[in-house]
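Down below is the structure, laid out as structure tokens.
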Amino acid sequence: MKRSHRFPRWLLILLLSSLLSAAIVIYATLGYAKPYSNAKQSSLSQISAVRIGGSGVPKPPRLAYLISGTKGDTNRLKRVLQAVYHPWNFYLLHLDLEAPDEERLELAKFVKSENVFRAFDNVRVVGNANLVTYKGPTMVASTLHAVAILLRLAKDWDWFINLSASDYPLMPQDDFLHVLSYLPREFNFIEHTSKIGWKEYQRARPIIVDPGLYDTKKSGVFWTKEKRSMPASFKLFTGSAWMVLTRQFLEFCIWGFDNLPRTLLMYYTNFLSSPEGYFHTVICNSKDYQNTTINHDLHYIKWHTPPRQHPMTLRSAHFDAMVASGAPFARKFVKDDTVLDRIDRVLLGRSRGRFTPGGWCTGNSFLGRDPCTSYGFPEVLKPTVNSRRLETLLLKLLDPEKFRSSQCK
């Protein structure tokens with residue numbers, strides 16, 4: 001029997017009420033706050049620690065992260081990892097085959113040397129790296145490989161999130177986990193549309209070959225002379241390559257108890273920029289999962305007008321817009337840009353080379369000490385008032401008048 005993921009109107013109303021109730025509790029405790037806080041790390045101590053699992057407080061979800069990069073990205077991956085790290089989650093780091101073994105070894109030594117990583121045993125580095133070709137299906141293959149590893153290593157995570165060395169968080173994981181705690185674990189955050197427009201003739205009809213599928217040296221894709229017709233047995237969807245997907249849906253893609261994921265994987269093997277279409281087309285052509293989508297990738301991304309191949313590089317001038325978006329992540333950033341230092345200081349409350357503090361950090365921050373050198377229960381969260389930015393975004397996305405109309409259309 002197929003599982004039904006159709007959410008009745010009363011459930012959405014109850015969900016919205018729960019989010020609003022959570023916001024009211026925070027506001028009543030902390031009072032009015034600006035859209036973002038200019039306070040430093042010490043302001044986090046004003047938030048009362050919440051022991052998850054207590055009366056009236058839902059257990060937080062566990063997140064499984066893939067953080068990927070290429071040659072020269074070792075230090076950037078370290079920084080992103082420290083910024084998004086939380087002992088309640090799982091993390092897989094991947095430097096593609098273009099990166100020399102020395103960089104991969106350096107990353108592995110970094111993970112092994114951190115006391116926190118050893119204590120919670122929730123960070124891994126992919127040793128058998130994949131070759132990832134820009135615009136090619138090898139990126140989808142690398143993502144599926146990472147998901148398979150996470151499914152094997154960690155049995156109880158709820159959502160999978162893919163980030164790159166060019167991404168960065170806009171809020172602490174305590175805030176993110178706190179808000180996600182009030183959501184059904186069946187929702188998939190994936191920006192998608194069936195209005196592919198110019199992509200029909202520049203991506204869907206051309207046939208490309210990705211040398212990364214059979215070679216060990218990185219090179220660009222190449223085109224064949226033949227064209228193909230549009231598929232008749234399924235509908236094409238496209239969207240952002242960055243997503244937050246449920247464990248249930250990814251098990252559906254990996255385990256292959258239905259022919260749809262395998263059929264579409266073969267189709268997208270010869271499809272240009274397949275990461276922007278594979279998961280979108282699978283989920284929107286599946287009756288079990290097409291009603292679980294939220295049409296947003298939880299990223300702040302600024303595009304040129306008209307859009308180009310790559311989004312704008314985010315700078316300090318975009319800081320206020322990033323904050324106002326309510327998104328928990330943003331991209332893309334250049335290495336060590338000053339806006340990253342501002343995000344660390346203002347939004348994350350962290351210093352360079354340190355973890356983003358949260359309820360799991362039990363040390364003293366007096367005189368600039370690192371509170372995360374001592375740690376306690378990983379399920380303890382200290383959500384800040386800034387979590388209301390994400391709550392506001394989700395309330396808009398789950399508006400009963402717009403929610404259904406934006407799913408797989």
Run Y267 and F234 through ring-ring contact (aromatic ring centres under 6.0 Å, His included) and show every step you take. CA-CA 11 Å; Y267 176 82; F234 53 86; 5.2 Å; yes
Distance (rounded to the nearest 0.5 Å) between L105 CG and D101 CG: 8.5 Å
Rounding to 0.5 Å, atoms OG1 (T193) and NZ (K195) come to a distance of 6.0 Å
Got a sec, which residues hit side chain to side chain donor-acceptor pair (under 3.5 Å) with K332, two or more places apart in sequence or on another chain? none
Would you please say whether a donor-acceptor pair under 3.5 Å links the side chains of T70 and E98? yes
Are R350 and P357 close enough that some pair of their side-chain heavy atoms sits under 4.5 Å apart? yes
Do the side chains of L97 and V132 get nearer than 4.5 Å, heavy atoms only? no
Which residues pass the side chain to side chain donor-acceptor pair (under 3.5 Å) test with R228, not counting sequence neighbours? none
Apply the test salt bridge (charged side-chain N to carboxylate O under 4.0 Å, His left out) to residues D158 and R247: give CA-CA distance (whole Å), side-chain angles for both, the deciding distance (0.1 Å), then the verdict. CA-CA 5 Å; D158 299 284; R247 182 188 181 99; over 6 Å; no
To the nearest 0.5 Å, atom NZ of K71 lies from atom CG of D73 at 11.5 Å
Any donor-acceptor pair under 3.5 Å linking the side chain of D297 with the backbone of I190? no
Over-ring placement of R62 relative to W88, 6.0 Å and 45° cut-offs: yes
Out of curiosity, I149 CD1 to L144 CG, how far, rounded to the nearest 0.5 Å? 11.5 Å
Mind running salt bridge (charged side-chain N to carboxylate O under 4.0 Å, His left out) on E200 and R205 for me, showing each step along the way? CA-CA 6 Å; E200 175 182 343; R205 292 185 182 274; 2.7 Å; yes
Indicate, with yes or no, if the rings of Y289 and H192 have centres closer together than 6.0 Å. no
Minimum-distance pair of heavy atoms, taken over all atoms of H86 and P378: CE1-O, 3.1 Å
Worked check of salt bridge (charged side-chain N to carboxylate O under 4.0 Å, His left out) between D341 and R79: CA-CA 11 Å; D341 296 329; R79 181 168 186 171; 2.9 Å; yes
Is the distance between the ring centroids of Y91 and Y85 less than 6.0 Å? yes
Salt-bridge test for R352 and D344: reply yes if a basic N is under 4.0 Å from a carboxylate O, no otherwise. no
Are the ring centres of Y375 and F120 closer than 6.0 Å? yes
Audit row: L63, W157, side chain to side chain contact (heavy atoms under 4.5 Å, CB included) steps and yes/no: CA-CA 6 Å; L63 309 178; W157 52 266; over 6 Å; no
Minimum heavy-atom distance T138-T133, with the two atoms named: OG1-N, 2.8 Å
Without hydrogens or angle criteria, can the side chains of N285 and Q290 be said to hold a donor-acceptor pair below 3.5 Å? no
Keeping the roles fixed (side chain from R389, backbone from A324), state whether a donor-acceptor pair exists under 3.5 Å. no
Compute the centroid of each ring, for F271 and then for Y278, and state whether the two points are separated by less than 6.0 Å. no
Look at atom CG of N128 and say whether more than 12 heavy atoms of other residues, nucleotides or ligands are closer to it than 6.0 Å. no
Taking S387 for the side chain and P383 for the main chain, is one N or O donor matched with an acceptor at less than 3.5 Å? no
Using a 4.5 Å cut-off on heavy atoms from C-beta on, say whether the side chain of Y65 contacts that of L93. no
Pairwise side-chain contact, W159 with R185, heavy-atom cut-off 4.5 Å (strictly under): yes
Taking side chain as C-beta onward, heavy atoms only, is E114 less than 4.5 Å from F355? yes
Are the side chains of M243 and F279 in touch, meaning some heavy atoms are under 4.5 Å apart? yes
Do other residues, nucleotides or ligands put more than 12 heavy atoms under 6.0 Å from the CZ atom of F366? no
To the nearest 0.5 Å, what is the distance between OG1 on T373 and CG on N115? 9.5 Å
Donor-acceptor check, side chain of H94 to backbone of N130, threshold 3.5 angstrom: yes or no? yes
Taking only Lys NZ, Arg NE, NH1 and NH2, and the carboxylate oxygens of Asp or Glu, determine whether D399 and K396 approach each other closer than 4.0 Å. no
Between Q407 and R404, do the side chains contain a donor N or O and an acceptor N or O under 3.5 Å apart? yes
Measure the spacing between CG of D320 and CE of M322 and express it to the nearest 0.5 Å. 8.5 Å
Between H299 and the options Y168, F189, F329, the ring pair (Phe, Tyr, Trp, His ring centres under 6.0 Å) test singles out F329
Answer yes or no: is there a side-chain heavy-atom contact under 4.5 Å between V244 and N188? no
Does R342 form a salt bridge (charged side-chain N to carboxylate O under 4.0 Å, His left out) with D337? I'd like the steps, not just the answer. CA-CA 9 Å; R342 188 177 179 186; D337 192 273; over 6 Å; no
Per side chain to side chain contact (heavy atoms under 4.5 Å, CB included), L77 is matched among L163, V125, L107 by L107
Can you find a heavy atom in the side chain of M171 that is under 4.5 Å from one in the side chain of N386? no
Of all the heavy-atom pairs spanning L153 and R124, show the shortest one and how long it is. CD1-CG, 3.8 Å
Are a donor atom and an acceptor atom from the side chains of E276 and T238 found within less than 3.5 Å of each other? no
Could you tell me which non-hydrogen atom of S181 sits nearest to which non-hydrogen atom of L177, and how far apart they are? OG-O, 2.7 Å
